[in-house]
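Note that ligands are numbered from 1 as they come in the structure, with each ligand's atoms numbered from 1 the same way.
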Amino acid sequence: MAKKMWAGRFEKATDKTVNDYNSSLPFDSRMYAQDIEGSVAHSAMLARQGIISQKDADDIREGLLSIKADIESGKLTFDSDAEDIHMFIEEELTNRIGDAGKRLHTGRSRNDQVALDQRLYLVDEALDVIELLDELIETITDMAKEHITTYMPGYTHLQRAQPITYAHYLTAYIEMFKRDRDRIEAAASRANVSPLGSGALAGTTYPLDRESVADELGMNGVTMCSLDGVADRDFAIEFASSISILMMHLSRMSEEIILYASQEFKFYELDDAYSTGSSMMPQKKNPDVAELTRGKTGRVYGDLISLLVIMKGLPLTYNKDMQEVQESLFDVIDTIKGVLPPFTGMMKTMTIRKDNMEAAALGGFTNATDLADYLVRKGIPFRETHAISGKLVHYCIENNTTLEKLSIEQFKQFSDLIEEDVYDAISLETCVNKRTLTGGPAPDTVKRYLDNQ
Ligand code: ARG
């Protein structure tokens with residue numbers, strides 16, 4: 001086992017079990033590019049400030065870039081007993097360029113280094129997630145544009161409530177996903193500040209230029225307290241919570257996909273390429289993508305709870321417990337990046353059964369409120385019209401019919417104010433088209449909304 005860089009005050013080598021237990025290399029190696037980017041910026045600044053020579057800085061930069069190239073070509077692998085990615089790269093650098101490599105860590109601690117790496121990594125990954133989310137938003141916006149006048153029942157308590165359109169249904173998710181996008185963007189922007197210069201916890205006596213390093217790394221600024229700079233993992237928690245909310249939305253939509261693709265609803269027909277069969281039952285076509293999305297939501301919530309619990313009892317500043325933050329954060333990133341492409345593909349390819357949606361909208365007395373509103377316009381107070389409409393619904397159920405199929409004579413048994421114009425007032429089209437307020441289902445209103453996306 002190579003001698004540890006911090007071995008000066010130790011008499012014994014680390015026990016093998018402790019070495020393996022302690023090592024984060026198996027998972028933090030994924031941040032190699034950010035670690036190198038941070039080290040290049042740090043060493044260039046050290047030279048600008050006259051803390052190391054320009055020659056050393058140039059050698060460090062070249063050495064680091066060659067390490068990056070070798071990792072990417074597969075020439076350099078991570079099979080090492082190094083404690084973490086920071087030690088791995090520094091050891092490798094020193095092997096390659098000698099003493100200059102040992103000057104890289106001047107004015108820096110792994111505590112501020114690892115916080116920087118995670119922030120840079122998160123910002124990069126958040127951009128990927130936003131791009132994938134944009135594709136989903138675009139997909140369902142395009143679908144909505146095709147279904148401005150596709151009627152369907154809106155539900156409360158999963159009971160048919162009032163008629164809406166499929167476009168209107170989809171705009172609910174467009175709104176949710178847009179809020180998710182904002183939250184992810186805000187979390188990434190808050191993460192995008194540099195903790196370098198915090199040192200181990202108390203800053204450093206070297207005349208570092210923190211701002212120029214942050215600038216060079218494309219960050220928004222620097223952290224304002226060295227203790228917080230090394231102890232803070234809010235950025236991981238905020239990101240995980242934004243993704244948890246996104247997963248909650250995807251999970252609700254998944255639940256509806258599962259229902260709507262069932263033989264009982266038949267609103268959706270999933271594409272063969274986005275569904276699976278049963279090994280035993282030949283007739284089955286299962287909505288696995290939606291089910292897995294619903295399941296993975298639990299997994300992401302688990303990651304968020306892990307992060308919150310890891311951090312809750314930690315005294316300032318750095319504690320090794322914080323190494324555990326990384327795997328939960330990475331799992332959130334990997335999970336959402338795995339969820340979005342098949343989910344978007346499933347939405348894009350499924351067939352919408354307009355006829356069944358419309359039949360369901362016609363079937364559930366979803367125009368009963370509009371009948372009550374019709375009678376209000378005839379001068380009866382709403383509480384009374386609600387009761388009259390309710391009695392008519394009861395009458396229809398007993399006689400196995402629907403409101404719009406009743407004759408005028410039948411209507412008049414319940415209120416003689418009902419006239420021929422009732423049929424127009426309670427038609428599916430009227431029920432939807434008259435709801436023109438901002439946010440409502442009327443085709444013109446929804447179209448205006450979609451055109452503004
Ligand atoms: N691998 C460590 C982590 O992820 C890096 C920081 C180590 N710092 C220390 N003081 N041991 O937390």
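The pair Arg183-Glu238 fails the salt-bridge criterion, with no side-chain N (NZ, NE, NH1 or NH2) lying under 4.0 Å from an Asp/Glu carboxylate O.
Side-chain contact annotation: Glu256 with Tyr169, donor-acceptor N/O pair under 3.5 Å present. Side chain to side chain, Asp58 and Gln54 meet the donor-acceptor criterion of an N or O pair below 3.5 Å.
For Arg353 and Tyr268, the positive end is not near the middle of the six-membered ring at less than 6.0 Å and at most 45° from its axis.
At least one side-chain heavy atom of Ile184 sits under 4.5 Å from a side-chain heavy atom of Leu246.
Put simply, CE on Met311 and OG on Ser306 are 13.0 Å apart, with the number rounded to the nearest 0.5 Å.
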Output, or 'none' if empty, a list of ligand 1-protein atom pairs in which both atoms are N or O and the distance is under 3.5 Å, rounded to 0.1 Å.
{"residue": "ligand 1", "atom": "1 (N)", "partner": "Ser24", "partner atom": "OG", "Å": "3.1"}
{"residue": "ligand 1", "atom": "1 (N)", "partner": "Asp84", "partner atom": "OD2", "Å": "3.2"}
{"residue": "ligand 1", "atom": "1 (N)", "partner": "Gln323", "partner atom": "OE1", "Å": "2.8"}
{"residue": "ligand 1", "atom": "4 (O)", "partner": "Gln326", "partner atom": "NE2", "Å": "2.6"}
{"residue": "ligand 1", "atom": "8 (N)", "partner": "Asn111", "partner atom": "OD1", "Å": "2.9"}
{"residue": "ligand 1", "atom": "10 (N)", "partner": "Asn111", "partner atom": "OD1", "Å": "3.0"}
{"residue": "ligand 1", "atom": "12 (O)", "partner": "Tyr318", "partner atom": "OH", "Å": "2.3"}

